[in-house]
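Here the structure is a predicted model, which means the values were calculated and not measured. When a ligand or atom number is given, it counts from 1 through the structure's own listing order.
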Amino acid sequence: MFGDGIGPEIMDASLRVLDAAGADVEWEHIEVGEKVYLAGNTSGIAEEAWASIKKNKVLFKAPITTPQGGGYKSLNVTIRKTLGLYANVRPAISYNPFIPSRYPGMNVLTIRENEEDLYAGIEHQQTPEVTQCLKIITRPGCEKICQYAFEYAKAYGRKRITCMIKDNIMKLTDGLFVKVFYETAKNYPDIVAEDWIIDIGMAKLVDSPEEFDMVLMPNLYGDVATDILGLMTGSVGIAPGANVGDDIAMYEAIHGSAPRHAGKNKANPSGLLLSGVMMMVQMGQPEVAEKVHNAWLKTIEDGIVTYDLARKLKAEG
Ligand code: NAD
């Protein structure tokens with residue numbers, strides 16, 4: 001699907017590159033987002049689009065605009081929850097000096113729990129002046145995400161997982177998350193497991209990301225942390241992501257539809273394209289993934305960049 005704002009431009013560019021690299025994919029296009037919302041469907045997605053996603057099991061998604069107010073539900077949260085996409089995988093890698101970053105040695109992969117926590121969407125108006133949002137953390141949810149994180153580390157040769165929580169305050173919810181983390185770690189003796197309280201943990205992550213390998217976080221902390229990490233690599237425009245469930249996965253850049261830049265053909269397609277690279281690996285086409293990734297690296301090394309990176313390169317002199 002082509003999405004809103006800069007979505008159509010970056011999706012068109014990404015599909016052209018994937019096709020040229022020989023991706024063995026038949027693209028089936030679905031309409032979601034602003035047009036569907038404004039046509040009166042408050043969930044932003046039509047029934048036939050659900051049928052297409054459930055049949056194909058892989059969704060390559062451009063960013064969409066969620067209209068402000070008016071009872072519109074975030075389609076991203078709806079898709080993740082409806083399809084059971086419980087793991088959000090977001091790598092943040094520095095390509096310094098080709099993409100200037102103050103953190104030349106960083107290569108941090110975040111696994112964010114994607115369905116629970118404050119994103120369960122359970123909010124109440126208790127009295128005219130008191131509102132409440134429920135934080136849901138379940139043992140099955142923790143077991144799934146912790147197991148996913150350790151299996152990922154094993155498969156991709158990552159050596160250390162740092163769990164970030166606030167269990168000194170939220171003893172039951174975050175306490176359960178970190179308890180299950182260490183229970184799971186016992187089955188993976190070759191992988192170092194450690195935890196930090198999220199506040200000092202994030203401070204350390206921003207100060208010296210090269211000391212981290214993989215981080216595992218509940219939903220809200222993970223959402224905040226991955227935007228910060230994305231920007232630390234040089235631009236939110238280059239950060240990819242995968243949302244993974246038991247048998248369906250969705251690939252998308254971490255940024256939004258950047259409406260101010262829409263229609264100018266200047267937005268950075270890298271985040272979406274690199275999400276496509278992750279998708280090719282998962283679809284069993286590693287040679288296509290490698291070809292696209294290498295071509296992307298060569299393009300960046302040759303200094304062929306979009307405005308966000310050109311600005312950085314200019315500032316670096
Ligand atoms: P945003 O990520 O769309 O844009 C923030 C800023 O980041 C932009 O103004 C731009 O300077 C920069 N930027 C983002 N992507 C870029 C790219 N590819 N190339 C160059 N620069 C880029 O965040 P926002 O402005 O807060 O949100 C805009 C809309 O996107 C909102 O409607 C929001 O709900 C939606 N959104 C969608 C998703 C999604 O579909 N996954 C995610 C986040 C936000």
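- In terms of modelled atom types and a separation under 3.5 Å, the side chain of Asp167 and the main chain of Gly175 share no donor-acceptor contact.
- Atom NZ of Lys57 has more than 12 neighbouring heavy atoms from other residues, nucleotides or ligands inside a 6.0 Å radius.
- Heavy atoms of other residues, nucleotides or ligands lying less than 6.0 angstrom from CD of Glu290 number 12 at most.
- Atom NZ of Lys264 has more than 12 neighbouring heavy atoms from other residues, nucleotides or ligands inside a 6.0 Å radius.
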Please set out all donor-acceptor pairs under 3.5 angstrom arising from side-chain atoms of residues 247-255, sequence neighbours excluded.
{"from": "Tyr251", "atom 1": "OH", "to": "Gln282", "atom 2": "OE1", "distance (Å)": "2.8"}
{"from": "Glu252", "atom 1": "OE1", "to": "Lys61", "atom 2": "NZ", "distance (Å)": "2.8"}
{"from": "Glu252", "atom 1": "OE2", "to": "Arg80", "atom 2": "NH2", "distance (Å)": "3.4"}

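- By the 4.0 Å N-to-carboxylate-O rule, Asp308 lies too far from Lys312 to be salt-bridged with it.
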Tabulate distances under 3.5 Å between N/O atoms of ligand 1 and N/O atoms of the protein, writing both atom names on each line.
{"from": "ligand 1", "atom 1": "2 (O)", "to": "Gly256", "atom 2": "N", "distance (Å)": "2.7"}
{"from": "ligand 1", "atom 1": "3 (O)", "to": "Gly256", "atom 2": "N", "distance (Å)": "3.4"}
{"from": "ligand 1", "atom 1": "3 (O)", "to": "Gly256", "atom 2": "O", "distance (Å)": "3.4"}
{"from": "ligand 1", "atom 1": "3 (O)", "to": "Ser257", "atom 2": "N", "distance (Å)": "3.1"}
{"from": "ligand 1", "atom 1": "3 (O)", "to": "Ala258", "atom 2": "N", "distance (Å)": "2.7"}
{"from": "ligand 1", "atom 1": "9 (O)", "to": "Arg260", "atom 2": "NH2", "distance (Å)": "3.3"}
{"from": "ligand 1", "atom 1": "11 (O)", "to": "His261", "atom 2": "NE2", "distance (Å)": "3.3"}
{"from": "ligand 1", "atom 1": "15 (N)", "to": "His255", "atom 2": "ND1", "distance (Å)": "3.3"}
{"from": "ligand 1", "atom 1": "18 (N)", "to": "His255", "atom 2": "NE2", "distance (Å)": "3.2"}
{"from": "ligand 1", "atom 1": "18 (N)", "to": "Asn268", "atom 2": "O", "distance (Å)": "2.9"}
{"from": "ligand 1", "atom 1": "19 (N)", "to": "Asn268", "atom 2": "N", "distance (Å)": "2.9"}
{"from": "ligand 1", "atom 1": "21 (N)", "to": "Tyr307", "atom 2": "OH", "distance (Å)": "3.1"}
{"from": "ligand 1", "atom 1": "30 (O)", "to": "Ser257", "atom 2": "N", "distance (Å)": "3.0"}
{"from": "ligand 1", "atom 1": "30 (O)", "to": "Ser257", "atom 2": "OG", "distance (Å)": "3.2"}
{"from": "ligand 1", "atom 1": "32 (O)", "to": "Thr66", "atom 2": "N", "distance (Å)": "3.2"}
{"from": "ligand 1", "atom 1": "40 (O)", "to": "Lys61", "atom 2": "NZ", "distance (Å)": "3.2"}
{"from": "ligand 1", "atom 1": "40 (O)", "to": "Ile64", "atom 2": "N", "distance (Å)": "2.9"}
{"from": "ligand 1", "atom 1": "40 (O)", "to": "Asn76", "atom 2": "ND2", "distance (Å)": "3.2"}
{"from": "ligand 1", "atom 1": "41 (N)", "to": "Asn76", "atom 2": "ND2", "distance (Å)": "3.3"}
{"from": "ligand 1", "atom 1": "41 (N)", "to": "Glu252", "atom 2": "OE1", "distance (Å)": "3.1"}

